[in-house]
J.: 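Quick one: this structure, given as structure tokens, is what I'll be asking you about.
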Amino acid sequence: MRQIRFRAKALKGRRWVYGDLLHAGTDPADGEFEIMYWDDESGWMQERIDPATIGQLTSLRDINGKDIYEGDILDVSYADEESRLEVRFVRGVFAFLWDGDLDDEFPCNAPTHEWAKVVGNIYDDPKLLKRH
């Protein structure tokens, strides 16, 4: 079974938190969310998050075994050429975007553990992409 997990930046401290995504507000339209996660010292924890930084786990891993999330930037090599891919959820599927170009995408169905390396994400490292 595939693991469904999210990450986002906490509003307090701006650190990344990983876990289950929860709606936190009283009105579904208010856009307030939390991530609930397990902490070995404190048990179940919930943190308010910045909704603009929410990214879902793709269930793929990179060449180093690191989980790949929506919003990650990957270094890839093909035919002796290096490029960067952005991971996005586009038209109902996770997709790789060449250098962040929405017109140049393909579904995430390749064995990323053989050729891709997570080098950052679009929130912390946007300059890693050459946007068209």
Side-chain angles (χ1 to χ4, degrees):
M1 182 162 84
R2 128 180 129 87
Q3 185 178 24
I4 299 174
R5 186 174 59 201
F6 293 84
R7 74 168 181 202
K9 285 212 169 193
L11 290 177
K12 291 183 183 176
R14 300 298 297 168
R15 66 183 181 80
W16 287 103
V17 290
Y18 300 79
D20 297 326
L21 183 64
L22 305 172
H23 187 271
T26 55
D27 179 355
D30 66 14
E32 294 181 24
F33 294 93
E34 293 178 338
I35 294 251
M36 184 171 72
Y37 61 94
W38 179 260
D39 179 78
D40 287 337
E41 293 179 16
S42 304
W44 285 106
M45 305 286 293
Q46 287 178 228
E47 288 203 46
R48 283 278 168 113
I49 55 157
D50 177 353
T53 64
I54 296 171
Q56 186 174 357
L57 179 67
T58 65
S59 296
L60 299 172
R61 293 189 175 202
D62 76 355
I63 200 163
N64 296 318
K66 184 174 180 172
D67 287 332
I68 298 174
Y69 282 84
E70 178 184 5
D72 277 342
I73 299 171
L74 310 176
D75 258 346
V76 297
S77 296
Y78 62 98
D80 295 329
E81 212 173 301
E82 300 230 351
S83 191
R84 297 248 163 94
L85 302 178
E86 177 184 342
V87 180
R88 281 256 190 106
F89 194 75
V90 181
R91 291 185 268 287
V93 298
F94 288 109
F96 297 124
L97 286 72
W98 292 101
D99 293 316
D101 186 351
L102 283 170
D103 294 326
D104 194 4
E105 67 183 64
F106 61 97
C108 295
N109 59 1
T112 52
H113 64 280
E114 295 176 2
W115 52 267
K117 179 181 177 186
V118 175
V119 294
N121 63 67
I122 61 173
Y123 311 103
D124 295 332
D125 313 293
K127 292 181 181 178
L128 291 175
L129 291 175
K130 297 179 276 182
R131 297 220 185 241
H132 299 287

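Side chains included, hydrogens not; waters and symmetry mates left out as well; all remaining heavy atoms used. Sequential numbering from 1 along the given sequence is applied to the chain's residues.
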J.: Look up atom CG in Asp20 and atom CE in Met36, then write down how far apart they are to the nearest 0.5 Å.
T.: 5.0 Å
J.: Given side-chain contact (heavy atoms from CB on, under 4.5 Å), test Arg7 with Asn121 step by step and report yes or no.
T.: CA-CA 12 Å; Arg7 74 168 181 202; Asn121 63 67; 3.6 Å; yes
J.: With a 4.5 Å cut-off on side-chain heavy-atom distances among I, L, V, M, F, W and Y, is there a chain of contacts connecting Ile63 to Ile68?
T.: no
J.: Are Asp72 and Thr58 side-chain neighbours, meaning at least one heavy-atom pair lies under 4.5 Å?
T.: no
J.: Answer yes or no: is there a donor N or O on one side and an acceptor on the other, between the side chain of Asp50 and the main chain of Ala52, under 3.5 Å?
T.: yes
J.: Between the side chain of Asp39 and the main-chain N/O of Ser42, is any donor-acceptor distance below 3.5 Å?
T.: yes
J.: Between Pro51 and Gly31, which heavy-atom pair has the shortest distance, and what is it?
T.: CG-O, 3.4 Å
J.: Quick check against the 3.5 Å criterion: does Arg84 have a side-chain atom that pairs as donor or acceptor with the backbone of Leu128?
T.: yes
J.: Should Phe6 and Met45 be counted in the same cluster of Ile, Leu, Val, Met, Phe, Trp and Tyr side chains packed under 4.5 Å apart?
T.: yes
J.: Identify the two heavy atoms, one from Ala24 and one from Glu34, that lie closest to each other, and give their separation to 0.1 Å.
T.: CB-CG, 3.4 Å
J.: Same cluster or not: are Leu60 and Val118 linked, directly or through other Ile, Leu, Val, Met, Phe, Trp or Tyr residues, by side-chain heavy atoms under 4.5 angstrom apart?
T.: yes
J.: Measuring from atom CD1 of Ile122 to atom OG1 of Thr53, what distance do you get when rounded to the nearest 0.5 angstrom?
T.: 9.5 Å
J.: Flag the pair Glu32 / Leu11 as yes when at least one side-chain heavy-atom distance between them is below 4.5 Å, and no otherwise.
T.: no
J.: First locate atom CG of Asp67, then atom CZ of Arg5, and finally report the distance between them rounded to the nearest 0.5 Å.
T.: 5.0 Å
J.: Might you point out which heavy atoms bring Gly120 and Asp125 nearest each other, and give the distance in Å?
T.: CA-OD2, 3.2 Å
J.: How long is the span from the CG atom in Leu74 to the CG atom in Asp62, to the nearest 0.5 Å?
T.: 7.5 Å
J.: Does Gln56 offer a backbone N or O that forms a donor-acceptor pair with the side chain of Glu70 under 3.5 Å?
T.: yes
J.: State the NZ-CZ distance between Lys9 and Arg14, to the nearest 0.5 angstrom.
T.: 5.5 Å
J.: So Glu47 and Ile35, do their side chains get closer than 4.5 Å, heavy atoms only?
T.: no
J.: For a side-chain contact (heavy atoms from CB on, under 4.5 Å) check, start with the C-alpha distance between Arg88 and Phe94, then their side-chain angles and the critical distance, and finish with the verdict.
T.: CA-CA 6 Å; Arg88 281 256 190 106; Phe94 288 109; over 6 Å; no
J.: If Ile, Leu, Val, Met, Phe, Trp and Tyr residues are connected whenever their side-chain heavy atoms lie under 4.5 Å apart, and connections chain through other members, are Leu57 and Ile4 in the same group?
T.: no
J.: If you measure from CZ on Phe89 to OH on Tyr69, what distance do you get to the nearest 0.5 Å?
T.: 16.0 Å
J.: Quick check: do Trp16 and Asp124 have side-chain heavy atoms less than 4.5 Å from each other?
T.: yes
J.: Tell me whether Tyr18 shares a hydrophobic cluster with Ile54, the cluster being built from Ile, Leu, Val, Met, Phe, Trp, Tyr side chains joined at under 4.5 Å.
T.: no
J.: Side-chain contact, heavy-atom cut-off 4.5 Å: Phe96 with Glu86?
T.: no
